[in-house]
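Working notes, beginning with the structure itself.
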Amino acid sequence: MKHAKIAGVVLAVVTLAGATACGNSDRPAAGATSTPPPASSAAADSGAAQRPTDKLTPLIEQALPDVPGKTFTSAVVDFPPNGKGVPHRHGAAFIYAYVLEGAIRSQLEGQPMQTYQQGQGWVEPPGSHHVFAENTSATSPAKLLTVSVSNTGDPLKTDDPH
């Protein structure tokens with residue numbers, strides 16, 4: 001029952017926030033498209049140190065009053081043009097990511113690479129390893145809205161060691 005309440009809260013907030021942020025509540029959420037890894041992924045990875053990285057900005061963090069020990073968090077993740085995320089984890093958190101602007105190529109460990117356009121989103125189950133994320137554009141920014149339910153006090157994101 002607790003999991004159903006959490007999922008309902010997350011879905012309601014994401015739906016409202018996504019419709020408000022995009023300015024188009026009539027826009028249907030389309031499915032993601034599968035994208036093969038870039039042809040020169042070794043070359044791209046060798047230049048990763050020179051690429052700009054994403055920036056996570058928390059918007060709200062609120063303990064869930066009817067689920068002791070759990071916190072709801074919403075954040076925006078900005079990807080500059082040609083920006084790439086560092087591989088990371090979110091611990092025991094359940095994450096929903098929704099593309100507000102641009103397009104993001106993303107991959108969870110053990111899953112195929114996916115490209116998500118504005119209006120599309122994905123979930124990251126607890127314990128997921130987010131191994132790849134990048135803005136697909138070299139000239140325009142991209143932006144995600146993330147919402148999560150986590151253990152109170154846990155960090156939002158833990159980058160992999162370098």
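Please read all numbers here as calculations on a predicted model, not as lab measurements.
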Give the C-alpha distance, both sets of side-chain angles, the deciding distance and a yes or no for side chain to side chain contact (heavy atoms under 4.5 Å, CB included) between Ser74 and Leu145.
CA-CA 7 Å; Ser74 180; Leu145 170 70; 3.4 Å; yes

Are Leu144 and Leu156 connected in the hydrophobic side-chain network, where two residues link if heavy atoms are under 4.5 Å apart?
yes

So if you build clusters from Ile, Leu, Val, Met, Phe, Trp, Tyr with side-chain heavy-atom gaps below 4.5 Å, do Leu64 and Val123 land together?
yes

Looking at side-chain heavy atoms only, is the closest gap between Thr115 and Ile104 below 4.5 Å?
no

Flag side-chain contact, heavy atom, 4.5 Å: Phe72 against Lys70
no

First locate atom [atom1] of [X], then atom [atom2] of [Y], and finally report the distance between them rounded to the nearest 0.5 Å.
{"X": "Thr136", "Y": "Tyr116", "atom1": "OG1", "atom2": "OH", "value": "13.5 Å"}
{"X": "Tyr98", "Y": "Trp122", "atom1": "OH", "atom2": "CH2", "value": "12.0 Å"}
{"X": "Asn82", "Y": "Ser137", "atom1": "CG", "atom2": "OG", "value": "8.5 Å"}
{"X": "Ser148", "Y": "Phe94", "atom1": "OG", "atom2": "CZ", "value": "10.0 Å"}

Lys143 with Asp78: basic N within carboxylate O range, under 4.0 Å:
yes

Donor-acceptor under 3.5 Å ([X] side chain, [Y] main chain):
{"X": "Arg105", "Y": "Asn135", "result": "no"}
{"X": "His130", "Y": "Phe132", "result": "yes"}
{"X": "Ser128", "Y": "Pro125", "result": "yes"}

Partner set under side chain to side chain contact (heavy atoms under 4.5 Å, CB included) for Glu61, not counting sequence neighbours:
Thr71, Thr73

Does the pair Asp160 and His129 meet the rule for a side chain to side chain donor-acceptor pair (under 3.5 Å), with working shown?
CA-CA 9 Å; Asp160 288 0; His129 186 201; 2.6 Å; yes

Pair Glu124-Leu108, side chain to side chain contact (heavy atoms under 4.5 Å, CB included): steps then yes or no:
CA-CA 8 Å; Glu124 296 181 28; Leu108 299 178; 3.7 Å; yes

